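This report concerns only the one structure given below.
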Amino acid sequence: MFKKILIANRGEIAVRVIRACRELGIRTVAVYSEADKTNMHVRLADETICIGPASAEQSYLNVPAILTTAEITDSEAIHPGYGFLSENPQFAEACAASGIAFIGPTPENIRLGGDKSKAKQVMKRRGVPVVPGSDGPLSGTDSAVKIAKKIGFPAIIKASMGGGGRGMKIINNEEEIQDAFFMAQREALAAFGSSELYIEKYLRNVRHIEVQVLADSKGRIIHLGERECSIQRRHQKLIEEAPSCFVTEKLRKRLGELAIKAARAIKYRNIGTVEFIVTPEEEVYFMEFNTRVQVEHPVTEMVMGMDLVKQQILLASGQPITAKKVFKPRGAAIECRINAEDPDRFIPCPGKIEFMHQPGGPGIRVDTAAYCGWTVPSHYDSLIAKLIAYGSNRQEAIARMRRALDEFVIEGIKTTIPFHKRVLENKDFIEGRIDTGFIDRLNNPAA
Amino acid sequence: MFKKILIANRGEIAVRVIRACRELGIRTVAVYSEADKTNMHVRLADETICIGPASAEQSYLNVPAILTTAEITDSEAIHPGYGFLSENPQFAEACAASGIAFIGPTPENIRLGGDKSKAKQVMKRRGVPVVPGSDGPLSGTDSAVKIAKKIGFPAIIKASMGGGGRGMKIINNEEEIQDAFFMAQREALAAFGSSELYIEKYLRNVRHIEVQVLADSKGRIIHLGERECSIQRRHQKLIEEAPSCFVTEKLRKRLGELAIKAARAIKYRNIGTVEFIVTPEEEVYFMEFNTRVQVEHPVTEMVMGMDLVKQQILLASGQPITAKKVFKPRGAAIECRINAEDPDRFIPCPGKIEFMHQPGGPGIRVDTAAYCGWTVPSHYDSLIAKLIAYGSNRQEAIARMRRALDEFVIEGIKTTIPFHKRVLENKDFIEGRIDTGFIDRLNNPAA
Amino acid sequence: MEIEDIKALLELLKETDVTELELEKEGSKVKITRGRFYAAIEMPQQGPGPAAPPQLKHVEEAGTERLVTVTAPLVGTFYRASSPEAPAFVEVGTIVKKGQVLCIVEAMKLMNEIESEADGVIVKALVENGQPVEYGEPLFLIEPSV
Amino acid sequence: MEIEDIKALLELLKETDVTELELEKEGSKVKITRGRFYAAIEMPQQGPGPAAPPQLKHVEEAGTERLVTVTAPLVGTFYRASSPEAPAFVEVGTIVKKGQVLCIVEAMKLMNEIESEADGVIVKALVENGQPVEYGEPLFLIEPSV
């Protein structure tokens with residue numbers, strides 16, 4: 001096992017990894033930018049090193065500084081968290097070249113996971129159903145038109161290297177293709193450094209359901225059931241659940257088998273997530289492969305009674321999966337992402353937390369790096385806390401989440417807590433009628 | 001179901017009950033003393049009524065004030081929590097006479113539970129093994145000598161109405177009986193208003209294991225497995241676990257059967273706890289019946305995935321137990337009682353909490369009514385927080401508890417956190433070698 | 001204004017929830033702002049529902065310091081008269097003697113007579129007839145006779 | 001208002017949660033604002049272990065404000081000379097020119113030469129040869145020539 005791990009991240013995920021390390025008896029090295037001197041992850045780690053100024057490019061994305069820090073602190077492994085360098089194949093390669101274990105999948109896994117268009121191609125070839133569309137990247141507007149006509153409208157143009165909603169354009173008819181194509185190309189180039197695009201059928205009001213997989217270095221792969229992630233605003237997840245109340249035992253079995261097939265197809269290692277689109281008719285399409293720990297991993301932990309970050313570390317250290325049984329969820333869990341944002345307009349709202357009181361009691365888990373008196377910096381992601389509620393069933397989990405949202409006091413900055421209260425009181429949400437169009441309908445009830 | 005419940009308690013248990021009510025959609029009425037104006041339970045309840053000055057006799061033990069408050073607020077039921085009026089049969093009767101549901105067992109259950117000597121007599125007659133000793137109360141020193149000689153030394157004299165370690169005297173030989181008898185009599189009279197005593201064999205270095213039972217109004221009784229409560233200081237529990245690492249499947253079955261037999265013997269209703277002494281040879285003796293929710297109920301909740309306080313309310317409202325299966329624990333849970341006390345001398349240390357930061361992350365639950373800026377009053381119990389750690393096994397629960405104790409920041413007052421850290425790092429504790437003599441050995445390693 | 005005066009002031013404030021105090025006296029002026037940190041905690045309103053929780057009424061009157069406040073010595077229902085038909089024990093303006101019955105607080109079907117704590121005049125009745133009162137809740141303000 | 005009065009005032013405030021106090025007296029005026037609450041947070045020391053975490057060194061020198069601090073522009077290992085056999089680039093007392101190499105910080109097997117930011121004299125070397133340095137960690141103090 002590793003004796004010391006460097007955490008190349010900040011905020012709640014850095015704290016999450018430190019907790020896993022401490023429970024495993026592993027020493028931790030926190031790296032931080034000048035803006036994060038007083039951060040919780042710096043307070044909790046065994047060793048701390050300032051690696052650069054506030055700008056992420058010069059600190060949390062600064063590969064030479066991070067590798068040098070690993071070297072001078074004798075760290076044996078690096079945990080990249082999510083975001084930042086977690087899906088950068090060059091970084092995973094650089095770690096390997098420096099003799100430092102990268103806690104995640106292989107560089108090849110990351111590379112394929114990042115190339116959405118190629119991943120779809122590979123999956124299709126291996127018999128995993130994908131959304132109808134271009135087989136690989138588009139050569140130009142002509143091929144976009146040709147394929148769109150074949151698959152029908154609406155269609156969506158996406159950046160091959162994209163993610164997080166950028167470089168995506170929905171097209172409702174042939175006339176819109178030209179403009180959409182060039183705009184998506186510009187956006188994709190600016191955001192991801194590649195203008196490569198692909199096109200697929202745009203499926204409205206479907207469910208976004210993902211399956212957690214674990215793979216050891218001997219090639220054994222298991223899955224830990226699904227997460228329901230349909231509550232999204234502009235392709236950003238806001239509320240996640242495990243299990244999905246839509247998924248029957250039969251569908252769960254099929255999703256699990258497809259996820260394992262997908263992981264096997266790319267010789268996946270470590271933990272990962274296979275994202276699917278599921279239609280109301282239970283048609284399942286592969287969407288993408290996430291090659292890191294997900295923000296929403298706690299809901300799976302709650303219903304499976306298992307620590308995914310510890311599993312990730314153990315798998316990276318070469319330990320095999322020994323579990324014999326198929327894991328079955330017990331109860332239900334929901335996660336609300338609490339962002340330092342204006343809850344109406346979703347605009348980041350950094351600043352000082354003048355007072356904070358966390359909810360507690362049965363079934364409540366809080367993952368946060370925030371504390372009373374801490375100033376949320378403006379340089380990074382606005383996620384400041386994840387509130388997770390567990391119940392013996394979905395109804396109890398919802399009731400717990402509601403009372404916990406009422407108990408959660410954060411003063412001095414605006415947060416998305418009021419937004420979550422609205423969702424948790426919505427009849428459709430309570431009764432499980434959720435899909436990717438939920439937030440639009442919540443905000444425009446007439447539509 | 002009840003529409004409104006009055007909570008006749010304060011502190012973390014009042015908050016615990018409010019949380020259960022909110023999740024069930026029941027309105028809550030908090031009563032409070034003048035010393036508790038700014039308490040968390042007052043902040044969280046739907047309605048609040050000040051019922052008297054700081055002294056418990058004039059507030060939380062003030063039956064007329066509490067019943068009047070129930071009346072003027074139209075409360076349909078009263079939850080007594082633990083301590084205060086929770087084990088007062090007259091109060092349960094007064095509730096019934098006022099047409100208000102008492103959330104707990106019958107007055108007869110409470111009365112028998114409070115009379116330790118009579119409870120032992122009843123259990124013995126119904127075939128539940130009890131510690132050898134007097135069959136009922138002692139008539140005087142002569143009978144104490146006679147029985148002590150029969151059962152052998154050391155023996156222990158206890159107050160029939162006692163609890164919490166008061167009115168107990170260990171006797172090592174015949175000469176000590178006379179003095180011990182009269183001292184115990186005086187203590188018992190002062191503490192419990194009755195000088196009635198009984199005697200039994202004193203069993204050193206045994207385990208204190210209790211079984212949670214649930215009984216509905218139709219007489220159906222189930223058990224939810226055991227809790228290990230051997231870590232005690234002067235008969236006060238400090239750390240509790242579920243399940244007990246000492247208990248085998250076979251012993252669990254036997255303990256469960258005995259607990260159900262004990263509950264059936266007294267026609268028990270609502271939730272309760274049967275406390276047993278278990279010797280290293282797995283001999284089991286009934287010790288007492290606790291007729292309320294226990295401080296340590298969360299460890300059972302964690303491993304059973306069930307909300308005991310909600311169960312208590314549902315049972316009191318007349319709902320039957322519908323569960324068909326025998327509940328089996330998943331994982332392991334530990335609770336540390338965090339008191340506002342000097343951790344070396346266990347002397348209460350009230351005062352203002354200048355700063356507080358709660359631990360969080362996977363498997364961590366905090367039940368507390370404390371918050372940053374709150375002043376712990378000197379008038380009541382010193383328990384300010386319960387820290388509960390869940391893990392997929394005992395080893396993981398211990399590792400989590402250790403890191404959570406390190407994360408827990410309470411400034412301004414002394415707490416028992418340092419004491420818990422010592423226990424959690426102790427080799428005997430980690431390896432499960434615990435019994436009622438553990439704390440003495442921890443503090444006097446030579447002994 | 002002497003340091004002793006300020007000491008007495010601070011001592012006074014300790015037991016209150018006053019958050020700010022300004023005082024000018026014989027050319028001296030003192031302004032005290034208290035621990036707003038904890039005053040900042042505000043729990044959200046608990047769900048909907050018609051029954052507003054009874055709250056301690058804040059008595060803010062010019063010259064209140066000269067008045068005697070009669071508070072409820074127990075929880076119960078406040079009555080201004082011995083029966084619905086009877087006249088109120090006292091009205092605003094009534095001259096009262098120490099020990100004179102001012103009202104009744106009913107608790108557990110028992111009628112508890114609440115007596116005046118001073119000789120003086122009732123200047124304010126703070127609770128409506130038939131309302132529930134908390135322990136310590138102000139019932140009447142009396143201007144004591146000197 | 002004498003200093004003794006203010007001292008007494010401060011002593012008084014110690015035991016309270018007063019956050020602000022203003023006092024005007026006989027032409028004097030005092031205003032007291034009390035301590036930042038958040039300064040109180042202190043995380044517990046994290047477990048035992050031999051390797052003490054590298055910490056930013058606090059440079060507190062009389063007259064420091066006149067000195068120029070040369071800080072590490074990147075994380076790495078600090079070397080005072082180009083090789084173990086070579087003499088140090090500079091010593092305390094060395095007169096340096098702006099742009100002159102003062103030391104090397106090794107990162108990713110690359111030797112980064114750190115140059116002086118001013119003309120002047122080295123008055124203090126803050127890091128030992130071969131030690132790891134953080135981003136922004138002070139390396140040398142230079143007294144600039146006027």
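What you are looking at is a predicted structure, and each value in this text was computed from that prediction instead of being measured. Order of the sequence lines sets the chain letters (A, B, ...), proteins ahead of strands, with each chain counted from 1.
- Shown here for Val133(D) and Ile72(A), the closest heavy-atom pair between the two residues is O-CD1, 4.3 Å.
- Annotation: maximal heavy-atom pairing with chain D below 4.5 Å, among Ala94(A), Pro64(A), Ser59(A), Gly52(A), occurs at Gly52(A).
- Of all heavy-atom pairs between Val75(D) and Thr68(A), the closest is O-CG2, 3.4 Å.
- Applying the ring-ring contact (aromatic ring centres under 6.0 Å, His included) rule to pairs touching residues 41-72 of chain A yields Tyr60(A)-Phe84(A), Tyr60(A)-Tyr380(A), sequence neighbours excluded.
- Distance check, rounded to the nearest 0.5 Å: CD1 of Ile49(A) to OH of Tyr135(D) gives 14.5 Å.
- With values rounded to the nearest 0.5 angstrom, Asn62(A) atom CG is found 8.0 Å from Leu74(D) atom CG.
- Only the side chain of Glu34(A) comes within less than 4.5 Å of a heavy atom of chain D; its backbone N, CA, C and O stay farther away.
- For Glu106(D), the salt bridge (Lys or Arg N to Asp or Glu O under 4.0 Å) test picks out no residue, with sequence neighbours left out.
- Of all residues spanning residues 78-103 of chain D, none has a heavy atom less than 4.5 Å away from chain A's heavy atoms.
- For Glu23(A), the salt bridge (Lys or Arg N to Asp or Glu O under 4.0 Å) criterion is met by Lys310(A), Arg400(B), Arg403(B), not counting sequence neighbours.
- With contacts defined as side-chain heavy-atom distances shorter than 4.5 Å, the pair Met108(D)/Leu67(A) qualifies.
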